[in-house]
Amino acid sequence: MSYREVLGVAQEIAVEYLEGLDQEPVNPRASLEELRQRFGLPLPEEGMDASQVVSELARQAEGGILGSAGGRFFGWVIGGSVPAALGADWLTAAWDQAAVMYATGPAAAVVAEVCGVWLKDLLGLPGESSFALVTGCQMAHVTCMMAARHRLLANQGWDVEADGLFGAPKIRVFATDIHHGSIHRAVKMVGLGLKNLHSLPAEQLVDAVSGPAIVVLQAGDINRGVFDRFEELIPALKARGAWVHIDGAFGLWAKASAQYRPLAAGLERADSWATDGHKWLNVPYDCGYAFVRDAEAHRASLSHRASYLTHASDVRDQLDWNPDWSRRARGFATYAAIREMGRSGIEAMRDRCCEGARLSGDGAGALPGVEVLSQAMLNQGLLAVGDDARTERVMELVNASGEAFLTGTTYQGRRAIRVSVCNWQSNAQDAARCVAAIALALDGEAV
Ligand SMILES: Cc1ncc(COP(=O)(O)O)c(C=O)c1O
């Protein structure tokens, strides 16, 4: 079976899918039962034609693909893929490099090196920081917290890599009360313990911090896109010896826009930063970035040498910075996305998404009964329609229409509809279609 034929089939299906996104419903239409029935075949004893596998896969998945790649998807915080990043990602799979060190993929290692430099520049982070291209913001938190754990305990005379955490001085983790659940999971993974995680209003944070501490501040919270007050908090927290970590899964990208940069002012004074490529840079899943000011601590927490590996002193081996060992060469897609858009295109995309969130909020807010709980300050807005049940019902009707896709949250004790705009393709027309779908849902809901 030739690659040419199989990849040709895959390409045709993919292009048809992507070009149809604007007309197709955004919501998945196949039921759980249907999907289980279609995929749940007996384990094949014999193989089959590769092109047929691929074309059948597409048929089996039909209606089970959420339209998050398109411009009318406003759920959670999920980005699409710019074309060059998608193309680069296909090549990444074709080249199939184990991006663990330079020797296993020289171009992948160098591209990752360049991505680090470019990203620090785009995001206004200190040039001396180390970085890692990880699977997402969750693993970026873990990477940064491993570095923090190393440094805070080394400062107490404890070698955590050698001696582990049993009997170690306690590290407490503080976070403002708008932090994301991935911080809980990172605290668990790094072995710090959820009982040592303290969630506090920002005003109480500085006074509460003492001893070895990691403080997590938020650049763009999941509900409203709120930023902690970095200029005030970071110097005060650092004066108390804390390691300040920033969760900027999408909000760190405000730094790439002159208009929105002031929201993030001062975050460059932190110790570590976590963000995503698969959200607002619009590279394919899965791709996140960790940056650590104290490169030595970062490297000490992860670096490994083995006699069967091939190391050289003049190269950057990803194994020294990444929590995973064998890994996808995800730098190619990041590199391609940055080249396709350039600094100005990345800025324009930020501004377009934020404008889309604002337009949707304004448009929906003008409809009878719709309340704007939070006008978008970045690319996230919050709406409610009467009580919780009505809000949920309207959202369900919008999603069932296939015209737009929205997801919910609880904000200040009320159910709310989030409008999250994170796709390079989303435009004013998509915002208008979303508002029209909300208007129709209000009509339908009133019946
Ligand atoms: C604010 C925030 N932090 C962290 C994460 C986790 O990111 P990822 O899913 O890329 O691991 C998310 C994901 O939605 C998020 O919104």
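Both ligands and their constituent atoms are indexed starting at 1 by order of listing.
- Between G71 and S426, the shortest heavy-atom contact is O-OG, 2.8 Å.
- Ring-centre distance between W273 and H245: not below the 6.0 Å cut-off.
- In summary, the aromatic rings of W253 and Y260 are positioned with their centroids too far apart to meet the 6.0 Å limit.
- D247 OD2, 2.8 Å is the protein heavy atom nearest to atom 3 (N) of ligand 1.
- Regarding atom 4 (C) of ligand 1, its nearest protein heavy-atom neighbour is S182 OG, 3.0 Å.
- The shortest N or O to N or O distance between K279 and ligand 1 is under 3.5 Å.
- Closest to atom 11 (O) of ligand 1 among all protein heavy atoms lies Q138 N, 2.7 Å.
- By the criterion of a heavy-atom distance under 4.0 Å, the side chain of H180, and not its backbone, is placed next to ligand 1.
- Using modelled atom types and a 3.5 Å distance limit, the side chains of Q138 and R185 yield a donor-acceptor pair.
- No donor-acceptor contact under 3.5 angstrom links the side chains of H180 and Q218, judged on distance only.
- For atom 16 (O) of ligand 1, the closest heavy atom belonging to the protein is I222 CD1, 3.0 Å.
- Remark: distances from the non-hydrogen atoms of H278 to ligand 1 include one below 4.0 Å.
- Taking a cut-off of under 4.0 Å to the non-hydrogen atoms of D276, the atoms of ligand 1 that pass are 7 (O), 8 (P), 10 (O).
- Residue contacts with ligand 1: C137 is placed with a nitrogen or oxygen under 3.5 Å of a nitrogen or oxygen of the ligand (distance criterion only).
- Counting atoms of ligand 1 from 1 in the listed order, those under 4.0 Å from a heavy atom of Q218 are 1 (C).
- Checked against the 6.0 Å centroid criterion, the rings of H179 and H184 qualify as a close aromatic pair.
- Relative orientation of the W280 and F250 rings is perpendicular, given thresholds of 30° and 60° on the angle between their planes.
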